[in-house]
Amino acid sequence: MTDLAHIRNFSIVAHIDHGKSTLADRLIQLTGTVAERDMKAQMLDSMDIERERGITIKANTVRIEYPAKDGQTYILNLIDTPGHVDFAYEVSRSMQAVEGSLLVVDASQGVEAQTLANVYQAIDADHEIVPVLNKIDLPAADVQRVSEQIEDVIGIDASDAVQISAKTGLGIPEVLEAIVARLPAPKGDRDAPLKAMLVDSWYDSYLGVVVMIRVIDGVIRKGDQVKMMQTGAKYGIDKLAVLKPQMVDIKELGPGEIGILTASIKQVRDTKVGDTITHEKKPCAKPLPGFAPSVPVVFCGLFPVDSNDFEDLRDAIEKLALNDASFTYEMETSAALGFGFRCGFLGLLHLEVIRDRIEREYDIDLITTAPSVIYDVFMRDGSKIKLHNPADMPDMSLVDHIEEPRIKATILVPDEYLGDILKLCQDRRGVQLDLTYAGSRAMVVYDLPLNEVVFDFYDRLKSVTKGYASFDYQMIGYAADALVKMSILVNDEPVDALSMMVHRDRAETRGRAMVEKLKELIPRHMFKIPIQAAIGGRVIARETLSAMRKDVTAKCYGGDASRKRKLLDKQKAGKKKMRQFGKVEIPQEAFINALKMDG
Amino acid sequence: MDERPGFGLYVHWPFCQAKCPYCDFNSHVASKIDHSAWVSAYVDEIRRLGAETEGRVLDSVFFGGGTPSLMAPETVDAILTQARSVWRPSNSMEITLEANPTSVEAGKFRAFRDAGVNRVSVGLQALNDPDLKALGRLHSAEEGRRAFGVARDTFERVSFDLIYARQNQSMEAWRSELDEALALAADHVSLYQLTVEPGTVFAERFARGGLRGLPDEDVSADMYALTQDMTEAAGLIGYETSNHAAPGAESRHNLIYWQNGDWAGVGPGAHGRLSVNGVRYATEAPKAPGAWLNAVREGAGQEVRTRLTDLEVLEERVMMGLRLRRGIAVEALDGRPDKVNYINGLSESRLLEIENGRLRLTDAGRPLLNAVLRELLA
């Protein structure tokens, strides 16, 4: 156990790509926490998907021992938090477990929307904040300008910001010294009854459920009988360890310390992040306030391409849900797609991550249906329906009105792209709340319907600003609007997986774009295929896919027979990748690509 | 046309002067060829295969490649002499040789005829110089016309190949080129739409975004239809997807393939189909010229021989047979009643029809053969 004065707990706040993970790697490396030969780039991002996308999804922690210039050795606990808006809830609760933050800003880029969103969470958590300017070795770095921006936009003093290059290692010792000198030591009472915060939990295939804790008061030891104060569940501590970042067993954890425990907990769902852990026999008087549970806001259907994979899909989804309490699912049947699951996610990135994991780790080809939000449908008889799936939309004549979730979106964008951003937000039914300038960048705040954002808003934002805009959002509630269900008919058959809720004024544009896109995405068949968008019985857009006209091998002689036969066998296998609707085969990519709008 | 497909011999000569960028056939460029080694290998192979197919009547021999017109006429003569000695030649045996239309090769036509060749198929490919160049051909249009003239004067039967639906080829350009071609033709032409085959230089170029200006599906469909109309008006019926002939002038050898007959395949990469005691085998020789020579030198077992299942035999029969305008006898589908539903579905879309006991593609269905096969055989 370490005395409080020699502990510093902190997190790193940064926009994606500003160098958060690289800085974490450097801190780990410089203090010899991980031997040089075991070092992998992005040490803390343990999933393949995290490394590939350069993002952090789950909070990770590492305990670093640092001999400071004052001759004392300090324990530094870094909680590496996710940078993406979808996982904002993880950030906020991790922040509660530490006392300070390093605010990392790319000196060549400046403050971005995610920097803002995360730094405000750090400020809300009463953190001491040390600004760190990264990438100062780049020719485009402008320390002066970015420091001013930090002061103007965020309102914290950047005059003594630490200037570093995480890539080259420049300035890393200064960062370590700043952590010791400028971040506060935790407070706590070693002799008080145990009070520990459940910071996070995850499933490990060897250990079962692993719980990350931060001790506030008292001491926790291996073998202790503990109680979770919110759920009331009781457990014996099987294992107590710290992460360096590999697990190292430890006898006890005292106030201010961060570590992990296992206690024969069956599933992640049995643990509640923010819960208070105390001793069963001698509990603390008052639990911690706890956190609001994170709730899914984006829904879509996941269906196996090959219906024989349904049971495997169920298995994969159940396993992933064990480890991710914010991912919800229930069985769904679609006339077009057969059996699958309606799943709920924290946002689009979360959706993509889960989908990628199912496809890769479980080797199941999936069809993903149009993402949807939860609509409140108010019926004429006074009842209210929570609509997760446009296919379940009741008859419009029975509906009084529909409300949809709205968000407050904050976008930071260089001047020259402001016009494009305003147009994009306006096109997506946005209401401008604020527009301010910080240097040559504009900060735009919009009230937007979530359903206009869930699909491709972020992609559009990136493409109209050549990647220079950044974006973050928070949910602000529900509001009524003139929404209708748009159905898509292929060869006169409705394809339920393509139906969607749209604003009445935008239905025609949207419907036209959808049918035009589908015309390109569905291959020609031996007959012509009408593709229509309709609201109720009224067709609002129509395209006709012409019949296939030519597909024949020009030369086919004796030697070609075997080759041709093999080709046919391949095509037989390829046929499974298509879903048959009546007689029309719709390729799997069409379901997602049809929704992408170019304008 | 005779329903009995007969029995043929295919001889593969694997060498070319240069590889054409669109060609995916088994062809090689060699600086030096030991002709005597090749003669003895072909002769040995024919003897071996002849022993297995004793008593069969030989209806056709086809020299393909590669560029078989680069063969020494003595090689052709030795092969034909051996073939006549192991099989009984039919009265009207067809002996075809594929020829390149250069002046050098035209100079050998008489010697080929003396060896027994009675039909040549000349690879004209295009009738204008820029397009010949784009196709990687070494001869000029004028040289081609002249060589074909020599062929007409030398052989009983002649045909030529053209490739159309080329880069930047307009409908009008093809119409006038085909007009010229039909004036030049005797009683048989092969007209192939350019397709980008995997493994070729064109495929590579195409993948890199090159080879622009190929006609789209609609234009190539229109070109195909125009080709059918014009050849038919000239009395050359489209008896197969890409082959047109006056009645009776069809390629006997190729009909063996399309009617699922038996043939022995000799030479590097040559395929064959042999029925022995009611079992049908697919044979395939080693592809590389050196490997094939060695294999033959080492004796038997030089080819991969696969026993075809009943389903595979049926698939080939349908796949090859539907290329013919006359289609296939419905009895050929016996034993697969499950296919009848498909056929009914396809007849609804007017791509297939059954007439006088034969299943065949309609005029609308002929350019859609691959799509029909996917439905029929998948």
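What you see below is based on every heavy atom in this structure, not just the backbone, and it leaves out hydrogens, waters and symmetry mates. Numbered from 1 within each chain, the chains take letters A, B, ... in sequence-line order.
- B:F62 does not touch chain A: none of its heavy atoms, backbone or side chain, sits under 4.5 Å away.
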After noting the C-alpha distance and the side-chain angles of B:S251 and B:Y239, does the key distance pass the side chain to side chain contact (heavy atoms under 4.5 Å, CB included) rule? CA-CA 10 Å; B:S251 159; B:Y239 70 99; 3.7 Å; yes
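- Taking the six-membered ring where the residue is Trp, B:W263 and B:Y257 present perpendicular rings, their angle passing 60° and hence far from 30°.
- If you measure heavy-atom distances from A:F527 to chain B, you find no contacts under 4.5 Å at all.
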The test is salt bridge (Lys or Arg N to Asp or Glu O under 4.0 Å); show your working for A:K423 and A:D420 and say whether it passes. CA-CA 5 Å; A:K423 180 171 184 310; A:D420 301 305; over 6 Å; no
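- Interface residue B:S220: backbone and side-chain heavy atoms are both found under 4.5 Å from chain A.
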Under the criterion salt bridge (Lys or Arg N to Asp or Glu O under 4.0 Å), I'd like the reasoning laid out for A:R512 against A:E516: C-alpha separation, chi angles, the key distance, then a yes or no. CA-CA 6 Å; A:R512 174 134 310 284; A:E516 280 169 10; 3.7 Å; yes
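- Distance check: A:I529 CD1 to A:D492 CG gives 10.5 Å after rounding to the nearest 0.5 Å.
- Put simply, of B:D222, B:L191, B:D218, B:L369, the one with the most heavy-atom pairs under 4.5 Å next to chain A is B:D218.
- Of the residues considered (A:A547, A:S546, A:G559), A:G559 shows the highest number of contacts with chain B, using heavy-atom pairs under 4.5 Å.
- By number of non-hydrogen pairs under 4.5 angstrom with chain B, the leading residue of A:R524, A:H525, A:K564 is A:R524.
- Using a 4.5 Å cut-off between heavy atoms, B:L308 touches chain A through its side chain atoms alone.
- Residues B:T200 and B:D24 bring no donor and acceptor atom of their side chains to less than 3.5 Å of each other.
- Of the residues considered (B:S242, B:G272, B:A364, B:A221), B:A221 shows the highest number of contacts with chain A, using heavy-atom pairs under 4.5 Å.
- When each of B:M320, B:H271, B:E217 is checked for heavy-atom pairs under 4.5 Å with chain A, B:E217 comes out on top.
- For the salt bridge (Lys or Arg N to Asp or Glu O under 4.0 Å) criterion with B:E240, the lone passing option out of B:R366, B:R325, B:R323 is B:R323.
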